[in-house]
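The next block holds one structure in the form of structure tokens; read it before the comments.
One-based numbering, in listed order, for ligands and for the atoms of each.
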Amino acid sequence: MPPALTYDVLIIGAGAAGLMASIFAGRTTGPSHSVVALDGAKRIGAKILISGGGRCNVTHDIVTPADFAGSKRNQIAKVLKTFSADDTVEFFHELGVSLKRENTGKLFPTTDSAKTVLDALLSSVDRAGATLLPEHRVTKASRTDDGFTVRTEQGEFHTRSLILATGGKSLPKTGSDGYAYSFAIGLGHTVTQTTPALVPLVLTDGHWLTRLSGLTMDAELAVANANGKILHRQAGSLLLTHFGLSGPAAMDISRHWIAAHQQDSGTQLLINFLPGRTFDEIEAELVDLTGSHGISGITSVLEDYVPRRLAHMLTAEGASVDPTTPMAQLSKPQRRAVVRALTSLPVPVVRDRGYLFAEVTAGGVPLSEVNLATMESRKCPGLYLCGEILNVDGRIGGYNFQWAWASGRLAGINSANAEATPPQHF
Ligand SMILES: Cc1cc2nc3c(=O)[nH]c(=O)nc-3n(C[C@H](O)[C@H](O)[C@H](O)COP(=O)(O)OP(=O)(O)OC[C@H]3O[C@@H](n4cnc5c(N)ncnc54)[C@H](O)[C@@H]3O)c2cc1C
């Protein structure tokens, strides 16, 4: 094997967090020091290119710790406050990428092309004097007396500071397959249980909602325990598909359903097709309408509330009521069954669609094991962690990239600033 190449800062993983770390490590060290990022993928930035439907939802106009899960909000806040959404806008502006805000609050490049974002990041890495080496999959990372040794098929690399920016397990074909958690564990860290997040949910085979595939509507989804206590709510756009539930509302709630279901198999998912409206309100409205619309069929009345196909199925399948029943002939239990189907329909989720379809990974290295002012490991001096490898996952809307930008920047600056680490023995 050829002698190890020696660098001041070596980053494993050149996704969003690793590219940000490369830029800021390079800018901080200046030309006298060497920064390299190794990535197993043939082409750097595959996940950035497909993000946001190929448009890259770079960030969100308002980012708060409440938009994330996994770790405590005060821990997440420490990192987010070092690099705000406005800082992201300014950073990309300096790189020549202007961002536009859509009415959802999501920020995209004005070109509507993720390639603009990736190209700008790659040019910035180059200008910062950092080297990117694709097709360098790391198979081992270990501590030495004066730093770290990193093994690839192409040879060994030696570095004073090591940054783990290897992501999670979502979309493994992009290179993030979870293998690199073993590096963190080998260097003294723990990794919490990981599950897919921002992932579509599969209903029992042939469930009647799957017959409405392609229908999109606003809805509120709720995770409830076996006793009906609501544990988490999420409103947004819901897409019914041939397998079950997708769209932002389903994706956002998925990690909460998965976590609760792991604890208690009696966990339920409930859909309110009239977000913000309660059972009592809708029941009172239907009672009122019975006076003026007594001869109208229940389905035709519900069409004022939800799409026609859904109104029909909610009545027939969700409430087991003949959809042609005139309002005046609905019994009280039938009316209440219809209102229940509209406002808290239980849906039988059997599983999530797995990492192949998940946008992020829930779980990872606990933030308590990292100094959040620097992103340096509390377990292994000279090691830094950033991005999705950490136990933080955000909602849909640009939050996951914001976490990657903020944590990657901190890791880059502080790894480059670090003094030579005294020898450690493990
Ligand atoms: C389809 C899709 C769309 C998304 N859209 C958005 C969006 O619009 N907005 C948003 O905020 N978030 C979005 N996300 C989430 C976002 O892409 C991730 O949260 C973010 O990319 C995480 O960045 P990261 O750098 O930590 O990890 P990753 O982007 O996963 O990068 C990790 C890198 O490490 C490399 N690597 C892993 N193991 C090794 C190893 N052993 N050796 C060498 N290299 C290794 C991988 O090849 C990869 O390049 C989307 C995700 C998906 C899957």
Side-chain angles (χ1 to χ4, degrees), residues 10-22 36-60 63 67-68 70 85 88 102 104 106-109 112 114 117-118 121 132-141 150-154 157 162-184 186 196-200 248 251 353 355-362 364-365 375 385-390 392-409 411-412:
L10 185 148
I11 299 136
I12 309 180
L19 288 174
M20 199 68 172
S22 306
V36 68
L38 310 180
D39 199 293
K42 199 166 178 180
R43 204 160 156 228
I44 302 279
K47 211 178 259 185
I48 293 175
L49 284 180
I50 57 167
S51 68
R55 297 198 300 139
C56 188
N57 177 193
V58 175
T59 187
H60 199 279
V63 178
D67 297 310
F68 298 82
T88 298
E102 300 203 333
T104 52
K106 296 178 180 179
L107 271 71
F108 291 90
D112 279 328
V117 174
L118 179 60
L121 288 167
L132 288 182
L133 295 178
E135 294 188 274
H136 277 67
R137 182 161 171 87
V138 175
T139 52
K140 196 167 180 208
V150 165
R151 189 179 298 161
T152 70
E153 273 185 8
Q154 288 75 12
F157 293 76
L162 176 65
I163 302 181
L164 285 185
T166 42
K169 295 181 180 175
S170 55
L171 219 64
K173 66 178 178 194
T174 59
S176 319
D177 58 5
Y179 176 78
Y181 289 129
S182 65
F183 307 154
L198 300 188
V199 64
M251 308 269 278
R353 285 200 99 194
Y355 289 110
L356 283 181
F357 295 91
E359 292 200 0
V360 276
T361 304
V365 175
M375 303 315 288
L385 299 101
C386 56
E388 205 176 305
I389 190 175
L390 292 162
V392 176
D393 56 290
R395 297 199 291 125
I396 284 187
Y399 304 101
N400 286 295
F401 276 144
Q402 185 61 35
W403 174 255
W405 312 136
S407 59
R409 172 182 166 276

Practice problem: Check the angle between the aromatic planes of Tyr399 and His60 and answer parallel, tilted or perpendicular using the 30° and 60° thresholds. | Solution: parallel
Quiz item: Which atoms of ligand 1 have any heavy atom of Thr174 under 4.0 Å away?
Solution: 47 (O)
Quiz prompt | Residue pair Val117 / Pro109: nearest heavy atoms and the distance that separates them | solution = CG2-CG, 3.8 Å
Self-check item: Any N or O of Asn57 closer than 3.5 Å to N or O of ligand 1
Solution: yes
Exercise. Distance to 0.1 Å, residue and atom name: give those for the protein heavy atom nearest to atom 34 (O) of ligand 1.
Key: Gly13 CA, 3.2 Å
Self-check item: Backbone N/O of Ser170 and side chain of Ser176: donor-acceptor pair under 3.5 Å
Solution: no
Quiz item: atom 27 (O) of ligand 1: which of Gly364, Ser182, Gly167 has the nearest heavy atom?
Solution: Gly167
Practice problem: Answer yes or no: is there a donor N or O on one side and an acceptor on the other, between the side chain of Thr361 and the main chain of Lys169, under 3.5 Å? | Solution: yes
Practice problem: Could you tell me whether some N/O pair between Cys386 and ligand 1 is separated by less than 3.5 angstrom? | Solution: no
Quiz prompt | Side chain, backbone, both or neither: Lys47 near ligand 1, heavy atoms under 4.0 Å | solution = side chain
Practice problem: Kindly say whether Arg151 contributes a backbone atom to a donor-acceptor pair with the side chain of Thr139 at under 3.5 angstrom? | Solution: yes
Quiz item: Counting only N and O atoms by type, is there a donor-acceptor contact under 3.5 Å from the side chain of Asp39 to the main-chain atoms of Ala14?
Solution: yes
Quiz item: Shortest non-hydrogen contact from Asp177 to Arg137?
Solution: OD2-NH2, 2.9 Å
Self-check item: Nearest neighbour in protein (non-hydrogen) for atom 48 (C) of ligand 1
Solution: Asp39 OD2, 3.4 Å
Self-check item: Side-chain heavy atoms of Ser182 within contact of Lys140, under 4.5 Å
Solution: no
Quiz item: Quick check: does Leu171 get an N/O under 3.5 Å from an N/O on ligand 1?
Solution: no
Quiz prompt | Parallel, tilted or perpendicular: rings of Tyr179 and Phe183 (30°, 60°) | solution = perpendicular
Practice problem: Measure the distance from atom 41 (N) of ligand 1 to every protein heavy atom, then report the residue, atom name and distance (to 0.1 Å) of the closest one. | Solution: Val138 O, 3.0 Å
Quiz item: Backbone or side chain, does any N or O of Asp177 fall under 3.5 Å from an N or O of ligand 1?
Solution: no
Practice problem: Just let me know how Leu19 lines up against ligand 1, side chain, backbone, both or neither, with a heavy-atom cut-off below 4.0 Å. | Solution: neither
Quiz item: Can you find a side-chain donor-acceptor pair between Gln402 and Thr88 that sits under 3.5 Å?
Solution: yes
Practice problem: For Ser407 and Gly387, indicate whether the former's side chain and the latter's backbone hold a donor-acceptor pair under 3.5 Å. | Solution: yes
Quiz item: Backbone, side chain, both or neither: what part of Phe183 comes under 4.0 angstrom of ligand 1, heavy atoms only?
Solution: side chain
Quiz item: Does the N or O separation between Tyr179 and ligand 1 drop below 3.5 Å for any pair?
Solution: no
Exercise. List every atom of ligand 1 that sits less than 4.0 Å from any heavy atom of Ile50, numbering the atoms from 1 in the order shown and giving each element.
Key: 1 (C)
Exercise. Return yes if some donor-acceptor pair links the side-chain N/O of Glu135 with the main-chain N/O of Leu38 below 3.5 Å, else return no.
Key: no
Exercise. Report yes if Gly40 has an N/O atom closer than 3.5 Å to an N/O atom of ligand 1; otherwise report no.
Key: yes
Quiz prompt | Distance from atom 25 (O) of ligand 1 to nearest protein heavy atom, with residue and atom | solution = Ala17 N, 2.9 Å
Quiz prompt | Minimal non-hydrogen separation, Cys56 against Phe401, with atom names | solution = SG-CE1, 3.7 Å
Self-check item: Phe401, any N or O under 3.5 Å of ligand 1 N or O
Solution: yes
Quiz item: What are the atoms of ligand 1, with element, lying closer than 4.0 Å to any heavy atom of His136?
Solution: 43 (C)
Exercise. Return the residue, atom name and 0.1 Å-rounded distance of the protein heavy atom closest to atom 15 (C) of ligand 1.
Key: Glu359 O, 3.7 Å
Quiz item: Between Leu390 and Trp403, what is the shortest heavy-atom contact and its length?
Solution: CD1-CZ2, 3.9 Å
Exercise. With heavy atoms of Gly398 as the reference, note each atom of ligand 1 found under 4.0 Å away.
Key: 9 (N), 10 (C), 11 (O)
Quiz item: Can you list the atoms of ligand 1 that are under 4.0 Å from a heavy atom of Tyr399?
Solution: 11 (O)
Quiz item: What are the atoms of ligand 1, with element, lying closer than 4.0 Å to any heavy atom of Ser51?
Solution: 3 (C), 4 (C), 5 (N), 6 (C), 7 (C), 8 (O)
Self-check item: N/O donor-acceptor pair under 3.5 Å between Trp405 side chain and Asn400 backbone
Solution: no
Exercise. Name the closest protein heavy atom to atom 8 (O) of ligand 1, giving the residue it belongs to and the distance to 0.1 Å.
Key: Gly52 N, 3.0 Å
Exercise. Look at Arg55 together with Glu102 and state whether they make a salt bridge at an N to O cut-off of under 4.0 Å.
Key: yes
Quiz item: Is the closest N or O pair between Gln402 and ligand 1 shorter than 3.5 Å?
Solution: no
Quiz item: Are any of the N/O atoms in Ala16 less than 3.5 Å from those in ligand 1?
Solution: yes
Practice problem: Starting from atom 26 (O) of ligand 1, locate the nearest protein heavy atom and write down its residue, its atom name and how far away it is, to 0.1 Å. | Solution: Glu388 N, 2.8 Å
Quiz item: Heavy atom under 4.0 Å from ligand 1: found in Ala46's side chain, backbone, both, or neither?
Solution: neither
Quiz item: For the residue pair Ala197 and Asp393, what are the closest heavy atoms and their distance?
Solution: CB-OD2, 3.9 Å
Quiz prompt | For ligand 1, the portion of Val360 having any non-hydrogen atom under 4.0 Å away | solution = side chain
Quiz item: For ligand 1, which atoms have a heavy atom of Ala165 less than 4.0 angstrom away?
Solution: 32 (C), 33 (C), 34 (O)
Quiz prompt | Sub-3.5 Å N/O-N/O distance, Ile12 and ligand 1 | solution = no
Quiz item: What atoms in ligand 1 come closer than 4.0 Å to a heavy atom of Gly15?
Solution: 25 (O), 29 (O), 31 (O), 33 (C), 49 (O)
Quiz item: Tell me: protein heavy atom nearest atom 37 (C) of ligand 1, and distance?
Solution: Gly175 O, 3.2 Å
Exercise. Enter the distance from Ile44:CD1 to Leu49:CG here, rounded to the nearest 0.5 Å.
Key: 11.0 Å
